[in-house]
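Read the structure below first, then the notes.
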2 protein chains.
Amino acid sequence: MEPIYYLLSVSYTISMIILIILFIIFSIFIAIKTDIKHFVHLYFVRLIILIMEEHHIFVEQKVDESKRTEHEKYLRLAIKLAEENVQRGLGGPFGAVICKDGQIVAQGANEVVPKNDPTAHAEMVTIRLACQELKTHNLEGCVIYSSCEPCPMCLSAVYWAHIDHVYFSHSKHDAKDIGFDDHFIYEELARELHERRVGITQLLKDESRAFAMWTESDNKAHY
Amino acid sequence: MEPIYYLLSVSYTISMIILIILFIIFSIFIAIKTDIKHFVHLYFVRLIILIMEEHHIFVEQKVDESKRTEHEKYLRLAIKLAEENVQRGLGGPFGAVICKDGQIVAQGANEVVPKNDPTAHAEMVTIRLACQELKTHNLEGCVIYSSCEPCPMCLSAVYWAHIDHVYFSHSKHDAKDIGFDDHFIYEELARELHERRVGITQLLKDESRAFAMWTESDNKAHY
């Protein structure tokens, strides 16, 4: 064997080993950051979907067509609430409606400025009203219609409230275009504590008895 | 050149090209999913930190040591509020305190069950109280002390309220151990719309005039 080919083979082998190691590290990284389901179809589907979504090429529609008219009716009401909020110079251009069994349970609009409450997004206001109306903290069986795609705070509240479905009109990209950008919160939530924009520090980690007391208590308010 | 070495070289080259393509795809994927800063130090730091955090090996402490006693004092109050909430059989074992310029502005505890409000986590309750107290929706210059690491809803609210720093005692892992698991919300927020557990559908995307009206309005309630 000529030396040049020998050298070539060795350098290829080393390069390949390095690349394989990098590939394995990346795979582990993604396996940790996502879950197994993601991991399995990552190579085939996820990248394409991601790029399409990033460029607003598609948003998948999952609509029960027989009920589309009903959903559109309530979403139009949420939009009307958003428009009225602007007309009246109240909070931001956001409205929401919550329905159960085809009946309106609550409706609301953004009240951040008039109520001095940074948590008073339309969805939050409406979730709280619906819970008062139904006298429960569990909105299972309810649907929320929002004039805009919920921000991370509102979407988290949707999960805590066990709402079944979210219908929205304007996307978060539209919201960004008029100055309501929630993208940075998605990024922040995905980061480790010490990498976040807001300072966040754990102290006295072994001092609280609250969790032990909760575990031992017979008087728990379950939720 | 012997055919076997020729074959070897060709197969190595093809393998390398495939691996390089995969490597580039993964790099693009991660560059999209994270931001540039992450991307730059990903190869050196991030994987190790991630594994350490996943296994609870470390939580970085960023504490101004000269103020540690003060921070611990207010955090102890938040813990006391959490413990009292359990003792009284009210909401979950969570308490929070908000301070500005070393003075307590507001304090609160979890009120999900007594108030029928799934959004009434200790931090949310306290943020809302502090805003009422200070007559603003902007808590810049404020620090929040929470007996437990904020969930995605509360952390988002921290960002919307522009709070400067979060100090907490129990970690989200501790919370999970006693039945308060918010991990699934982090996962859900990182997913595309159609991959989420809750149904989420865009309808009437061009029908709302709310955003255009907001842009044109001279009467905007800025926040």
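Heavy atoms only: backbone and side chains are in, while hydrogens, waters and symmetry mates are out. Numbered from 1 within each chain, the chains take letters A, B, ... in sequence-line order. All values derive from a computational prediction rather than experimental measurement.
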Exercise for the section: Among G91(B), G92(B), A161(B), single out the residue with the greatest number of heavy-atom pairs under 4.5 Å to chain A. Expected result: G92(B)

Handout entry: Portion of I163(A) that has a non-hydrogen atom of chain B nearer than 4.5 angstrom
Key = backbone

Problem - Pick from A212(A), A82(A), S208(A) with the largest number of heavy-atom pairs that fall under 4.5 Å of chain B - result: S208(A)

Practice task
Check each atom of F184(B) against the heavy atoms of chain A and say whether the ones under 4.5 Å are side chain, backbone, both or neither.
Solution key: side chain

Handout entry: chain A interface, residue from L204(B), I79(B), D206(B) that has the most non-hydrogen pairs under 4.5 Å
Key = L204(B)

Practice task
Answer whether the closest heavy-atom distance between the side chains of H71(B) and R68(B) falls below 4.5 Å.
Solution key: no

Handout entry: Validation row: I178(B), P93(B) side chains within 4.5 angstrom (heavy atoms)
Key = yes

Practice task
Determine the option with the most heavy-atom pairs under 4.5 angstrom with chain B, choosing from T119(A), T215(A), N138(A), V166(A).
Solution key: V166(A)

Exercise for the section: Go through L139(B) and L134(B) one step at a time and tell me if the side-chain contact (heavy atoms from CB on, under 4.5 Å) criterion holds. Expected result: CA-CA 8 Å; L139(B) 296 181; L134(B) 299 175; 3.9 Å; yes

Exercise for the section: Establish, yes or no, whether a centroid distance under 6.0 Å links the rings of F94(B) and F168(B). Expected result: no

Problem - Top of M124(A), R197(A), E84(A) for chain B proximity - count of heavy-atom pairs under 4.5 angstrom - result: M124(A)

Problem - Beyond-backbone contact of K67(B) with E72(B), side-chain heavy atoms, under 4.5 angstrom - result: no

Handout entry: Working for side-chain contact (heavy atoms from CB on, under 4.5 Å), residues F180(B) and C148(B)
Key = CA-CA 11 Å; F180(B) 294 95; C148(B) 183; over 6 Å; no

Handout entry: Part of L90(A) within contact of chain B (heavy atom distance under 4.5 Å)
Key = backbone

Fill in the blank from the handout: Checked Q87(A), R88(A), E188(A) vs chain B; the most non-hydrogen pairs under 4.5 Å come from E188(A)

Completion exercise
Under 4.5 Å to a heavy atom of chain A? For I185(B) that would be side chain

Handout entry: Over-ring placement of K172(A) relative to Y186(A), 6.0 Å and 45° cut-offs
Key = yes

Problem - Residue among K80(A), R76(A), Q132(A) with most heavy-atom pairs under 4.5 Å to chain B - result: R76(A)

Fill in the blank from the handout: If one checks every heavy atom of H162(A) against chain B at 4.5 Å, the contacting part turns out to be neither

Handout entry: Which atoms of N110(A) approach chain B - backbone, side chain, both or neither, heavy atom under 4.5 Å
Key = side chain

Handout entry: Aromatic ring proximity, centroids under 6.0 angstrom, H137(B) and W160(B)
Key = no

Practice task
Could you tell me which portion of K135(A) (side chain, backbone, both or neither) has an atom closer than 4.5 angstrom to a non-hydrogen atom of chain B?
Solution key: both

Practice task
State whether a side-chain donor-acceptor pair under 3.5 Å links H170(B) with S147(B).
Solution key: no

Exercise for the section: Select, from S15(A), A175(A), S217(A), the one with the greatest count of heavy-atom pairs under 4.5 Å involving chain B. Expected result: A175(A)

Handout entry: Residue part contacting chain A, namely of E149(B), when any heavy atom lies under 4.5 Å
Key = side chain

Practice task
Select one option (side chain, backbone, both, neither) describing which atoms of V143(A) are under 4.5 Å from chain B's heavy atoms.
Solution key: neither

Handout entry: Min side-chain heavy-atom separation D117(A)-E111(A) under 4.5 Å
Key = no

Handout entry: Segment of C154(A) engaging chain B (4.5 angstrom heavy-atom cut-off)
Key = neither

